[in-house]
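Report on the following structure.
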Number of protein chains: 2
Amino acid sequence: MTRITKQRQVVLEVLSTFDSHPTADMVYDKVREKLPRISLGTVYRNLEVLAEEGLIRKLSVGNDRKRFDHDLTDHDHIRCIVCHRIDDVDFSLSTSSENLIEKEGYKILGHTMVFWGKCPDCLKLEQKIK
Amino acid sequence: MTRITKQRQVVLEVLSTFDSHPTADMVYDKVREKLPRISLGTVYRNLEVLAEEGLIRKLSVGNDRKRFDHDLTDHDHIRCIVCHRIDDVDFSLSTSSENLIEKEGYKILGHTMVFWGKCPDCLKLEQKIK
DNA sequence: GTAATTGCAAAAATTTTGCCTCATA
DNA sequence: TATGAGGCAAAATTTTTGCAATTAC
């Protein structure tokens, strides 16, 4: 049985303070403010456990590092190709759309959609430079 | 200017023989059958260059390693959560759907959609075991 | 000729793991 | 008190990079 440890609590707590989608070591940095002796390995282990338990989401957003999201609602993501920030997008594929590919023989359990483009800030900056 | 080297040619050629979506070292293994002295670094560099030139696609499909796809047509992917194989899916979001999130202030350039579920083979195996 | 590219090896970056100790249930 | 979890450090994995030699243009 999984136990409720101080470390696990703080990892979960800290993750929910992010409005961005942090990597494991971004979480680690912030957790250490409260638990200075925690190890990076523990943060990795706990993020993994919490994701398995469905308390958080593990994201794969682009070709970089793993990211974590405390927001469990049905939403997708958008990544800025310039500054790499990741924002939430309410737009979400209806479950009925998932049925469209049932024909492949797969049993579809869900999807991950990531839009990519340029974020408002980077667009503004681009205008200034021109 | 980018040059056409033997190594670059073979990497591209070999990639197109895969109907799966190989990782860099899967490509490396197969390229070495033709060019035994090629290095893994060269394969990585060429996959990167080819992706930049738009001759191949770099995929981010799940929380694992980078994968590469020679198929440039507009399609998405589906990953089996059991055996991790990745197949193509014809279903694709219309460009008009991308416009739905213009309101976020982002300039949307594209999207990546990955469905996940269980592939036909793993479903069959599951049935047998039960 | 010259600048891009290669092979090699070392380094960097990210994530996982072994082991012994500690603490939760 | 039994066992899951933590801390630490080492290892594993994946990817990038510096450099001298080579090669395409």
Side-chain angles (χ1 to χ4, degrees), chain A residues 1-15 18 20-69 79 81 84 86, chain B residues 1-15 18 20-69 79 81 84 86:
Chain A
M1 200 217 313
T2 59
R3 292 177 180 172
I4 304 170
T5 62
K6 192 69 193 163
Q7 288 87 341
R8 190 157 298 165
Q9 278 174 356
V10 174
V11 165
L12 182 57
E13 209 173 286
V14 158
L15 182 60
F18 280 90
S20 58
H21 301 74
T23 57
D25 73 286
M26 285 163 83
V27 174
Y28 173 58
D29 281 346
K30 221 162 178 200
V31 166
R32 266 198 303 183
E33 291 172 12
K34 298 189 176 182
L35 302 176
R37 294 185 47 73
I38 199 173
S39 72
L40 180 57
T42 298
V43 171
Y44 268 103
R45 269 187 290 233
N46 276 318
L47 288 170
E48 203 58 44
V49 169
L50 291 167
E52 269 169 26
E53 290 178 343
L55 294 174
I56 65 174
R57 284 172 70 185
K58 194 158 73 169
L59 306 179
S60 170
V61 186
N63 285 302
D64 55 346
R65 314 177 48 185
K66 292 176 187 172
R67 287 170 181 274
F68 298 88
D69 189 355
R79 182 182 90 248
I81 59 170
H84 301 111
I86 291 155
Chain B
M1 200 217 311
T2 60
R3 292 175 180 175
I4 302 171
T5 61
K6 191 69 193 162
Q7 288 88 340
R8 191 158 298 166
Q9 277 174 356
V10 174
V11 165
L12 182 57
E13 210 174 286
V14 158
L15 183 60
F18 280 90
S20 58
H21 302 73
T23 57
D25 73 286
M26 286 163 81
V27 174
Y28 174 58
D29 281 346
K30 223 163 177 199
V31 166
R32 265 198 303 182
E33 292 173 13
K34 299 190 178 184
L35 301 176
R37 293 185 49 71
I38 199 173
S39 72
L40 180 57
T42 298
V43 172
Y44 267 103
R45 270 186 290 230
N46 276 318
L47 288 169
E48 202 59 44
V49 169
L50 290 168
E52 269 169 26
E53 289 178 343
L55 295 175
I56 65 174
R57 284 172 71 185
K58 194 159 71 167
L59 306 179
S60 169
V61 186
N63 285 302
D64 54 347
R65 314 176 49 184
K66 292 175 187 171
R67 288 170 181 274
F68 299 87
D69 190 355
R79 182 182 91 249
I81 60 170
H84 300 111
I86 291 155

Inset, instruction - Would you grab the first and last nucleotide of DNA chain C (5' to 3') that comes under 4.0 Å of any non-hydrogen atom in chain A? - result: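 The footprint of chain A covers dT14(C) to dA25(C).
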Legend entry - Contact summary for Ile38(B) and Tyr28(B), nearest pair of heavy atoms: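 Nearest pair, atom of Ile38(B) first, then Tyr28(B): O-CE1, 3.5 Å.
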Inset, instruction - Please report the shortest heavy-atom distance between Met26(B) and Phe18(B), naming the atom on each side. - result: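 Looks like O-CZ, 3.7 Å.
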Inset, instruction - Assign each of Val49(A) and Thr5(B) to its nearest nucleotide of DNA chain D by heavy atoms, then name whichever residue's nucleotide is nearer the 5' end. - result: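 Its nearest nucleotide lies further toward 5', so the answer is Val49(A).
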Legend entry - First encountered from the 5' end of DNA chain C, between Asp25(A) and Thr42(A):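 Between the two, 5'-proximity favours Asp25(A).
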Whole angstroms only, please: what is the [atom1]-[atom2] distance between [X] and [N]?
| X | N | atom1 | atom2 | answer |
| --- | --- | --- | --- | --- |
| Gln7(B) | dA24(D) | CD | C1' | 11 Å |
| Arg65(A) | dT16(D) | CZ | C1' | 15 Å |
| Tyr28(A) | dC8(D) | OH | C1' | 10 Å |
| Arg45(B) | dG18(D) | CZ | P | 10 Å |
| Glu48(B) | dT17(D) | CD | C1' | 13 Å |

Out of curiosity, [X] [atom1] to [Y] [atom2], how far, rounded to the nearest 0.5 Å?
| X | Y | atom1 | atom2 | answer |
| --- | --- | --- | --- | --- |
| Arg37(A) | Thr42(A) | CZ | OG1 | 11.0 Å |
| Asn46(A) | Glu52(A) | CG | CD | 11.0 Å |
| Ile56(B) | Leu50(B) | CD1 | CG | 5.0 Å |
| Lys66(A) | Phe68(A) | NZ | CZ | 6.5 Å |

Give [X] one of three labels, base, sugar-phosphate or nothing, depending on what nucleic acid heavy atoms sit under 4.0 Å from its own.
| X | result |
| --- | --- |
| Thr2(B) | sugar-phosphate |
| Ile38(A) | sugar-phosphate |
| Asn46(B) | sugar-phosphate |
| Ile4(B) | sugar-phosphate |

Legend entry - Phosphate-side-chain proximity, Arg8(A) and dA5(D), N/O vs OP1/OP2 below 4.0 Å: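 It does, given that an N or O in the side chain of Arg8(A) lies less than 4.0 Å from OP1 or OP2 of dA5(D).
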Inset, instruction - Respond yes when some side-chain nitrogen or oxygen of Tyr44(B) is under 4.0 Å from OP1 or OP2 of dT16(D), and no when none is. - result: no
Legend entry - Ionic contact status for Lys58(B) with Asp69(B), cut-off 4.0 Å: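 No salt bridge links Asp69(B) with Lys58(B).
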Inset, instruction - Without swapping roles, check the side chain of Arg67(A) against the backbone of Pro22(A) for a donor-acceptor pair under 3.5 Å. - result: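 No; judged by distance alone, with no hydrogens or angles, the pair does not exist.
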Inset, instruction - Give a yes or no answer on whether the side chain of Arg8(A) reaches the backbone of Arg3(A) with a donor-acceptor pair at less than 3.5 Å. - result: yes
Legend entry - End axis versus end axis in the helix from dG1(C)-dC25(D) to dA25(C)-dT1(D), the angle rounded to 10°, five pairs used at each terminus: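 End-to-end axis angle for the helix from dG1(C)-dC25(D) to dA25(C)-dT1(D): 40°, rounded to 10°.
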